[in-house]
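Notes follow once the structure below has been shown.
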Amino acid sequence: MTTYMPITYNKPSKFRTSGRLGQASRPGYRRSGQRRPGPLPLLNRSLPPATSQAPGLGDRLRIIPLGGQEEVGRNMTVFEYGRDIVILDMGLQFPEEDMPGVDYIIPDTRYLRGREQQIRGVILSHGHLDHIGALPHLMPKLGWPPVYASRMTLALVRRRLEESHLQHHLKAYEIKSVSEQLALGSLRINFFDVTHSIMDAMGVIIQTPVANVIHPGDWRYDLNPVTGKPTDFSSLARWNTKTVPSILMMESLGSTKEGQQLSEIEVFRNVKQLIEKAPGRVIVATFSSMVERVGWMISVAEQLGKKVALDGYSMKVNVEIARKIGYLKFKPTTLIDVKRIHDYPNNKVIVVCTGAQGEDRAVLMRIANGEHRSIKLQKSDTVIFSSSVIPGNERTIQRLKDTLYRQCDNVIHKEIMDVHGGGHALIEDIKLLIRQVRPKYLLPVYANYYLLKEAAKIATSIGFPPTNIFILDNGSVGEITAQTFRILSAKVPIEYVFVDGLGVGDVSHVVLRDRQVLAADGMVVVVATVDSRQGKLIGSPDIISRGFVYMKDNKRLIEETRNRIKQVLKGEDGAGPVDETYLKDKLRNELGQFLFQKIERRPMILPVIIQV
């Protein structure tokens, strides 16, 4: 067994041998690790361990990521042992900058076509959209296999399916305690508590005769939580034995960031202090999934005699879900409609809203632009960004901050005060996880490829053998037998599946390329009327420009373009019946070259030939 170098944290005395987070002691909300005990359908507490079966020569476990290995999001992994398949997560990916018009991207499930009857279950690690967002699109294709998840996660899944009117198809089984154990075909499933930025996150252990897979989903350490016990994964080391090795599939999104993740207690203290000392209203922008944080802000408001107004559809929905299932408890009079904030003194009002990423029509952006119906910024307001910056949103958030700073004297964000702790582990956390779990094999997952490589470097820096680290691409097949772990040379087919409006998969790369051209250089529509028998141009061609040039300011270029069109069509006079396809191609090619020579742009050329 590998020996790892020791590490010291600031508060090692807070560690517990149990992997549980413990019971929340503060009334008003529950920690993400808490679940109520109770029986589970298809559950057997005395299941024989998978390791009691003698592995045959043909026994092998295959791990096949259908997404999440080359991007942030689209998380979905297939575990296949014999004729049994278990799926972990089914998420979406938000579009990148070069994907105009695309709403989001979902995993490519062609590999599972024809294998639907072998799917024993879908396990969801937590309720973020990059882990559950693709269910409405993929579950119908897969024959609606049973879904296993925690209470909060299932509530969010049901809400998402309701939006597509599919909730009646769902076969859901709630994991009420991490002590539950499932038998899904020949696979044994165990669970463990995980700390993340959403309530009810849980890790999964998949037992097979050849290996025990440990997958925490998205995770972090909180060594000094607001309530409950510090995070401790050391109990997971028992799954690595001499006869059955363990495989740690480690989410690695924070593998380039030094240090350890900020404890939620620090965020709690700082935000509470800001709320206590604020001279006027407090406006907190955070992620709508951070229900636990919203919960303790409501609790702080009750202690201080303040009112809380929630704004933003997803914020209201998530808090209401948590309240209905008993995860948030507060006085009904504490929450007020945002329209009623003027009924109370400014220093008695807290607004918790969405829009910290600078989304166009989100609440905070409307407040900053003076477009919110009920909230007009005042100099005495305190605006708190209790969120991190999602990569790609940096410029938008900077412009939002500039706008807020012009109108308000108290804008607080992570750069000047610890008002947000992320949901993903940093470098020192990754080291600690590997030391506590002590797996035989390590698979960095759920991040861009360069982050997976950096996670591998972190592991080797503390003595983990590099020969036991494997990085899978989307579609790669990791195959484990009792003796070896290898990556097969053949991959399963994986392509982007774009969702655009009600269309799923109908936006091809050709369509995307056309959108990119339109976004970059615009388009020019040419309407020409020709004699159908002789091919002679009749009248003067019409030109329409959209996103190319403003025609009133470029009359000379437009006239030169019109003359060029006449020259192209004049060469076809008397050539006999019109070949419309030939004429369109000729116009498209010659006009494209002409415009590029004039202003070095390549707009999309759309010729329209009217035959009379």
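Looking only at side-chain heavy atoms (C-beta outward), C353 and V284 stay at 4.5 Å or farther from each other. The closest side-chain heavy-atom distance from L142 to M90 is below 4.5 Å. M199 has its side chain out of reach of R293: every pair of non-hydrogen atoms, C-beta onward, lies at least 4.5 Å apart. Side-chain contact between V525 and M523 is present, with heavy atoms from C-beta onward closer than 4.5 Å. Taking the side chain as every heavy atom from C-beta outward, P607 and L583 never approach each other to under 4.5 Å. At a threshold of 4.5 Å between non-hydrogen side-chain atoms, the residues V530 and I609 count as touching. The shortest side-chain heavy-atom distance between E70 and L452 does not fall under the 4.5 Å cut-off. Taking 4.5 Å as the limit, every side-chain heavy atom of L591 sits out of range of all side-chain heavy atoms of K586.
Between R588 and D585 there is a salt bridge, since a side-chain N of the basic residue sits under 4.0 Å from a carboxylate O of the acidic one. Residues R556 and E559 are not paired through a salt bridge, judged by the lack of any N-O separation under 4.0 Å between the basic side chain and the carboxylate. With salt bridges taken as basic N to acidic carboxylate O contacts below 4.0 Å, one links D473 and K491. With salt bridges taken as basic N to acidic carboxylate O contacts below 4.0 Å, one links R361 and E371.
There is no side-chain donor-acceptor pair under 3.5 Å between Q261 and H424. A donor-acceptor pair shorter than 3.5 Å can be found between the side chains of D311 and H372. Side-chain contact of E71 with N474: a donor-acceptor pair under 3.5 Å is present, judged by distance alone. Using a 3.5 Å distance cut-off with no hydrogens or angles, the side chains of Q398 and D402 do pair a donor with an acceptor.
Heavy-atom minimum distance, S540 versus K566: OG-CE, 3.8 Å. Closest of all the heavy-atom pairs between P493 and D108 is O-OD2, 3.8 Å. Residues L154 and A172 come closest through the heavy atom pair CD2-CB, 3.8 Å. The two atoms that bring L426 and K257 nearest to each other are CB-O, 3.4 Å, heavy atoms only. Closest of all the heavy-atom pairs between L587 and I605 is O-CG2, 4.5 Å. Considering every non-hydrogen atom in both S476 and I487, the closest pair reads CB-CG2, 4.3 Å.
Around atom NZ of K316, more than 12 heavy atoms belonging to other residues, nucleotides or ligands sit under 6.0 Å away. Atom CZ of R602 has 12 or fewer heavy atoms from other residues, nucleotides or ligands within 6.0 Å. Atom NZ of K171 sits in a crowded spot, with more than 12 heavy atoms from other residues, nucleotides or ligands closer than 6.0 Å. Heavy atoms of other residues, nucleotides or ligands lying less than 6.0 angstrom from CZ of R83 number 12 at most. More than 12 heavy atoms of other residues, nucleotides or ligands sit less than 6.0 Å from atom CD of E163.
By the 30° and 60° cut-offs, the orientation of the rings of F485 relative to Y441 is tilted.
With values rounded to the nearest 0.5 angstrom, L488 atom CG is found 8.5 Å from R60 atom CZ. Here E454 contributes atom CD and N448 contributes atom CG; the two are 12.0 Å apart, rounded to the nearest 0.5 Å. Atom-to-atom distance recorded for E116:CD and Q118:CD is 9.0 Å, nearest 0.5 angstrom. Remark: R74 CZ to I106 CD1 distance equals 10.0 Å, nearest 0.5 Å. A distance of 9.0 Å separates CD1 of I397 from CE of M365, quoted to the nearest 0.5 Å. Interatomic distance, NZ of K414 versus CD1 of I384, reported as 15.0 Å (0.5 Å rounding).
Taking the six-membered ring for Trp and the full ring otherwise, the centers of H131 and Y446 sit less than 6.0 Å from each other. If you look at H128 and H196, their ring centroids are closer than 6.0 Å. The aromatic ring centroids of F94 and Y104 lie 6.0 Å or more from each other.
At distances below 3.5 Å, not a single donor-acceptor pair connects side-chain atoms of E320 with backbone N or O atoms of V317. In this structure a side-chain-to-backbone donor-acceptor pair under 3.5 Å is present from R120 to Q117. Side-chain atoms of Q407 do not come within 3.5 Å of backbone N or O of G370 as any donor-acceptor pair. The closest donor-acceptor contact from the side chain of N75 to the backbone of G91 lies at 3.5 Å or more, if one exists at all. Side-chain atoms of N369 never come within 3.5 Å of backbone atoms of R366 as a donor-acceptor pair (strictly under, hydrogens ignored). Remark: the backbone N or O of T286 is not paired with any side-chain donor or acceptor of S386 at under 3.5 angstrom. A donor-acceptor pair under 3.5 Å links the side-chain atoms of S255 to the main chain of L451, judged by distance alone. Remark: side-chain polar atoms of Q593 are not paired, donor with acceptor, to backbone N or O of L595 under 3.5 angstrom.
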Item to complete: May I have the step-by-step check of side-chain contact (heavy atoms from CB on, under 4.5 Å) for F79 and V213, ending in yes or no?
Response: CA-CA 9 Å; F79 299 89; V213 180; 3.8 Å; yes
Practice prompt. Take L112 and I87 through the side-chain contact (heavy atoms from CB on, under 4.5 Å) test and state the conclusion after the steps.
Written response: CA-CA 10 Å; L112 297 172; I87 297 171; 3.8 Å; yes
Practice prompt. Apply side-chain contact (heavy atoms from CB on, under 4.5 Å) to the pair D130 and D218, showing each step before the final yes or no.
Written response: CA-CA 10 Å; D130 56 338; D218 288 353; 4.1 Å; yes
Practice prompt. Check step by step if side-chain contact (heavy atoms from CB on, under 4.5 Å) holds for L364 and L404.
Written response: CA-CA 9 Å; L364 189 60; L404 291 170; 4.3 Å; yes
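Both the sub-6.0 Å distance and the 45° axial angle are satisfied by R115 relative to the ring of Y111. Cation-pi geometry between K401 and F385 is met: under 6.0 angstrom from the ring centre, within 45 degrees of the axis.
For the side chain to side chain contact (heavy atoms under 4.5 Å, CB included) criterion with L124, the lone passing option out of L88, T153, L156 is T153. For the side chain to side chain contact (heavy atoms under 4.5 Å, CB included) test with E80, the passing option among I63, V477, I64, I119 is I64; the others fail. Of the candidates V204, L248, V445, L248 is the only one forming a side chain to side chain contact (heavy atoms under 4.5 Å, CB included) with P216.
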